[in-house]
Amino acid sequence: AKHMGLFGYHRPTTPRLDELAQKGLVLTNHVSNSSWTRPSFTTIITGLTKQQHNVELSGRNLQMEITTLAERFRQAGYRTAGFVGNPLARKIWGFGQGFQLYVDTKTLNKAFPRDEILIDRAITWLEKNSEDPFFLMLFLTSPHTPYRPRGEHRRFLKELPPGDVIQYPFKEYVKPLPKADHDRIVAAYDGDVAYADEQVGRLYDYLHQSALLNKTSLLITADHGEIFGEHGCYIHAYHMWEPVLRVPFLLLSPILTKRGLVENRPHTHVDIAPTLLDLAGLPIPESFSGISLLKSLADPTVLENRRQFSQYNAHGIRRQTIRQGRWKLIHHNQVDKKAVAKIDDLHPTIPQPKVKDLPSLAMDGERYELYDLLTDPQEVQDLYAAKQNDPPIQALIQALGPYLEDRTAAPQLSPETLKALQAAGYIDGPPTAQR
């Protein structure tokens, strides 16, 4: 989120989204319920928490008894289609439930296809299907490793001294990267963001030119964010810090009578499904813990004292976080270092740092971190030792308790899953000279 103009970024990375923000609603305190694709994407398309859907890394797919958003819209008479560029969200794992057409990386025969390919396919589908009510999902992936902007979107890199980009940074570094390497990584990512912004603009232009905007709601968000050097970390995966969890949220809808709305109250991905169903006038299941934006806009009291939960559980690493008001509490389970090392050994294509050399994994034992996001939004000063016995913090510790239980089965990784994880950069990616 912080690499977008509408959130105050210094580079002109998102001119189209900045423009759209003036026509709709922006949430500035929207966080993902996880720090990586599988669990967060599942929450987006089902409205269920991780505790309910239990999808992360293991052989457990999205279960058939779980009803997706696409199924709910299809049951209501909508045409449904999904165009997905992330290799971890393929149809074979259950993510295509309810979609009459689901185009994923297997169909396209390419991990992380160019966003314009997905936009082209979506527009072609709309040309044939938009006379009926429709539910369309697009999963663009250019703002993701590998950082490889092309053509005019390399303009931010051209502002810097020449050099190679580390397309797949390590997740953690003991010492800060040389400034030149860091700056090129960020500039390459910004170029990818600018490309995605351009492609979203193309979709918006089509909706406008085809007179669909007056009856179409458009919601834009991300499954997770990216971190660039804070706490010595890059990209995403198991980190629970703000750059990885705080994501953009932008909604345009003819149902919203006011334009340029900015909301700073707490929201998460569990709110997306009830919001979309509410916008369409469809019933919201009682099993949903999320709150429709239409409801929260009409009654601000429903978000009073709300807590936001996020978690990660894969590769022997388990972390959880809870927010309430100004306070953010992070819990780290004891790392299963053998499990981490085993995953690293699956694809020994490049030199990998050992677990003992990764700062946040090398620490022994269970631990907590506590930050005051009001006075310390960069999460620099850990206040847990000083405030752990304060009543508000004790309440957060107690509320986080049910999320500490490990309900995920041991990983049973198929060759398809391993290939997708490698393509997504979660385990050894392609070698680069800078490593």
Practice item. Taking atom types as modelled, find out whether Ser40 and Asn33 have a side-chain donor-acceptor pair closer than 3.5 angstrom. Key: no
Review point. Are a donor atom and an acceptor atom from the side chains of Gln63 and Asn54 found within less than 3.5 Å of each other?
Key: no
Exercise for review: Kindly say whether Gly98 contributes a backbone atom to a donor-acceptor pair with the side chain of Glu71 at under 3.5 angstrom?
Suggested key: no
Exercise for review: Return the set of residues passing salt bridge (Lys or Arg N to Asp or Glu O under 4.0 Å) with Arg265 (not counting sequence neighbours), or none when no residue passes.
Suggested key: Glu263
Exercise for review: Hey, could you give me the NE2/CG distance between His315 and Leu361, rounded to the nearest 0.5 Å?
Suggested key: 11.0 Å
Review point. Glu159 and Arg155: salt bridge (Lys or Arg N to Asp or Glu O under 4.0 Å), yes or no, with the steps?
Key: CA-CA 7 Å; Glu159 297 170 356; Arg155 61 185 181 276; over 6 Å; no
Review point. Does any donor atom in the side chain of Gln311 or His331 lie under 3.5 Å from an acceptor atom in the other side chain?
Key: no
Review point. Is a side-chain donor or acceptor of Thr221 paired with a backbone partner of Phe249 at a separation under 3.5 angstrom?
Key: no
Using residues 225-234 as the side-chain source, report each donor-acceptor pair under 3.5 Å to any protein atom, sequence neighbours left out, with the distance given to one decimal.
{"residue": "Glu226", "atom": "OE1", "partner": "His236", "partner atom": "ND1", "Å": "2.4"}
{"residue": "Glu226", "atom": "OE2", "partner": "Tyr147", "partner atom": "OH", "Å": "2.5"}
{"residue": "Glu230", "atom": "OE1", "partner": "Phe228", "partner atom": "N", "Å": "3.0"}
{"residue": "Glu230", "atom": "OE2", "partner": "Lys2", "partner atom": "NZ", "Å": "2.3"}
{"residue": "His231", "atom": "NE2", "partner": "Glu379", "partner atom": "O", "Å": "3.2"}
{"residue": "Tyr234", "atom": "OH", "partner": "His182", "partner atom": "ND1", "Å": "2.7"}

Practice item. Examine the side chains of Thr275 and Asp271 and answer whether a donor and an acceptor come within less than 3.5 Å of each other. Key: no
Check your understanding: Does a side-chain heavy-atom distance below 4.5 Å link Asn61 with Gln97?
Key -> no
Practice item. May I ask you to check whether Ser360 and Glu172 show a side-chain donor-acceptor distance below 3.5 Å? Key: yes
Check your understanding: Has Arg38 got its NZ or CZ under 6.0 Å from the middle of the six-membered ring of Trp93, at an angle within 45 degrees of the ring axis?
Key -> yes
Point to revise | Pair Arg246-Asn29, side-chain donor/acceptor within less than 3.5 Å | key: yes
